[in-house]
Amino acid sequence: MQRLIPTLHNDGVPQALINVIDTLLAGTKELAFRISQGVLGGVLGSTLDENIQGETQKKLDVLANNLLKDLLAADTHVLAIASEEEPTSVACNPNGHYVVAFDPLDGSSNIDINGQIGTIFTIYKALKNVPANSELHFLQAGCEQVCAGYVLYGPSTLLVMSTGGPTRCFTLDITHGSYLLTQPALAIPEDTTEFSVNMSNQRFWSDACKNYIADLMLGEQGARAKRFNMRWNGAMVGDVHRVLQRGGIFLYPNDNRDSKQPSKLRLLYEANPMAMLVNHAGGLAMAEGKNILTLQPESLHQRVEVVLGSKNEVEEYLSY
Ligand code: P6P
């Protein structure tokens, strides 16, 4: 099987970008080991701190963030990084031409129950003539991403990534620490019978969303001519990976729980990278009726609605 680096060379990825990807993935290999150690590696449980999102930080959140931040800050090709766990972007190397944003550990609530968790990352070319510590580097539209991906720490450790071409899946071979190309081009089936949403928020959704989900629940007894199944992992990486592998529609719709903040998922380091992966696998990724990749970000930790997956099913949702 082909290893990651030759695959990237064959795809025409610039050497400097290959170096940045390799640096980031070195961190994910160490994380995969630490996570596999669980309590033995001292990585379970929570800290006494909260992050910028107001969420209690798990020990592994902090460990993962510091590991990736330190590795990338030492890579001469990295101008700056941004992270779910960092209030602002962090300037790294003045001569770097790339900026990297990441959710170091998505699905933290799954850590202590040995559930699926992952690292989501996105890479942009740095803007010219803009200071290294400017957040403007990270306010580029998702269509400007030069690389997007996630590492899913599950029964096996998988890397799913696109550098502008097909969405590829690599499997970590722990015997020699390499990511091997195991699926050269993921393709999301255009139709599905599986949806993924946190049903406990149902009373807070828009009427359109309530009606769409109600019809899924009615299945062949209602407006839809088929029966649907539901899955919710509590970690976007796990739910999106299922959609990329066998189709489905994943929804985190706006809701009115908090009048000041209708959305939950973050645009920069959750929605945009997943939208690139889904689009390059033939699916759709929308927010309030617009293609997520076309949105103009306004702030680093901006949140956004996410509805993504099988093309025909997302279009059915939009028709409501
Ligand atoms: P809820 C994890 O905290 C996350 O950001 C996503 O990975 C996941 O899809 C979502 O939030 C889960 O949210 O409200 O179901 O706990």
Side-chain angles (χ1 to χ4, degrees), residues 28 31 35 44-47 49-65 68 82-86 101-122 148-154 158 160 194-206 209-210 213 230-245 248-258 260-278 283 285-287 292 300-309 314 317:
T28 66
L31 274 176
I35 290 164
L44 302 188
S46 299
T47 67
D49 306 319
E50 274 193 358
N51 63 14
I52 177 86
Q53 328 284 342
E55 298 161 342
T56 302
Q57 288 184 307
K58 298 283 190 183
K59 286 179 191 166
L60 203 53
D61 281 324
V62 176
L63 185 152
N65 183 63
L68 294 174
S83 167
E84 179 191 49
E85 304 298 335
E86 298 288 334
F102 51 86
D103 180 354
L105 214 67
D106 174 62
S108 302
S109 60
N110 281 352
I111 294 172
D112 296 341
I113 58 164
N114 202 35
Q116 285 184 322
I117 50 180
T119 298
I120 308 174
F121 60 90
T122 176
Y150 59 79
V151 173
L152 177 59
Y153 308 106
L158 301 179
V160 174
E194 198 158 58
F195 69 99
S196 184
V197 71
N198 182 337
M199 288 298 290
S200 69
N201 299 327
Q202 186 178 32
R203 62 189 182 283
F204 303 116
W205 295 334
S206 69
C209 187
K210 285 177 184 172
I213 298 292
M230 197 203 97
R231 286 283 183 275
W232 186 251
N233 279 44
M236 189 181 194
V237 285
D239 286 313
V240 172
H241 189 69
R242 186 190 54 253
V243 168
L244 283 163
Q245 290 294 340
I249 182 168
F250 168 89
L251 308 98
Y252 212 110
N254 285 342
D255 64 53
N256 60 19
R257 278 178 287 177
D258 174 352
K260 293 188 296 296
Q261 181 47 272
S263 309
K264 165 145 194 191
L265 300 181
R266 274 61 55 129
L267 177 58
L268 172 60
Y269 38 78
E270 289 178 320
N272 264 332
M274 294 308 197
M276 179 170 177
L277 296 173
V278 165
M286 308 296 281
I292 288 174
L300 203 61
H301 299 290
Q302 174 177 342
R303 296 171 186 260
V304 69
E305 174 177 80
V306 176
V307 177
L308 62 76
V314 172
Y317 169 81

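Side-chain atoms are counted along with the backbone in the values below, which use heavy atoms only and exclude waters and symmetry mates. Numbering of ligands and ligand atoms starts at 1, following listing order.
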Atom 3 (O) of ligand 1: closest protein heavy atom, distance to 0.1 Å, is Lys264 NZ, 4.0 Å
If you compare Glu84, Met236, Glu270 by their heavy atoms, the one closest to atom 8 (C) of ligand 1 turns out to be Met236
- Query: Short N/O distance, under 3.5 Å, between Asp106 and ligand 1?
  - Reply: yes
In terms of heavy-atom contacts, Gly309 and Val314 come closest through N-CG2, 3.6 Å
the protein heavy atom lying closest to atom 12 (C) of ligand 1 turns out to be Trp232 CZ2, 3.8 Å
Taking atom types as modelled and ignoring hydrogens, do the side chains of Gln57 and Glu85 form a donor-acceptor contact shorter than 3.5 angstrom? yes
field: SB check Lys58 Asp112 (cutoff 4.0 Å)
entry: yes
Asn272 side chain to Thr122 side chain, donor-acceptor N/O pair below 3.5 angstrom: no
Logged contact type for Asp239 with ligand 1, heavy-atom cut-off 4.0 Å, is neither
heavy-atom search around atom 14 (O) of ligand 1 in the protein gives Tyr252 OH, 2.6 Å
dist Leu251:CG -> Ile213:CD1 (nearest 0.5 Å) comes out at 5.0 Å
The atoms of ligand 1 lying under 4.0 Å from a heavy atom of Asn198, numbered in the order shown, are 1 (P), 14 (O), 15 (O)
> Below 6.0 angstrom between ring centroids: does that apply to Trp232 and Phe195?
Replying inline: no
Per-atom filter on ligand 1: closer than 4.0 angstrom to a heavy atom of Arg266 are 5 (O)
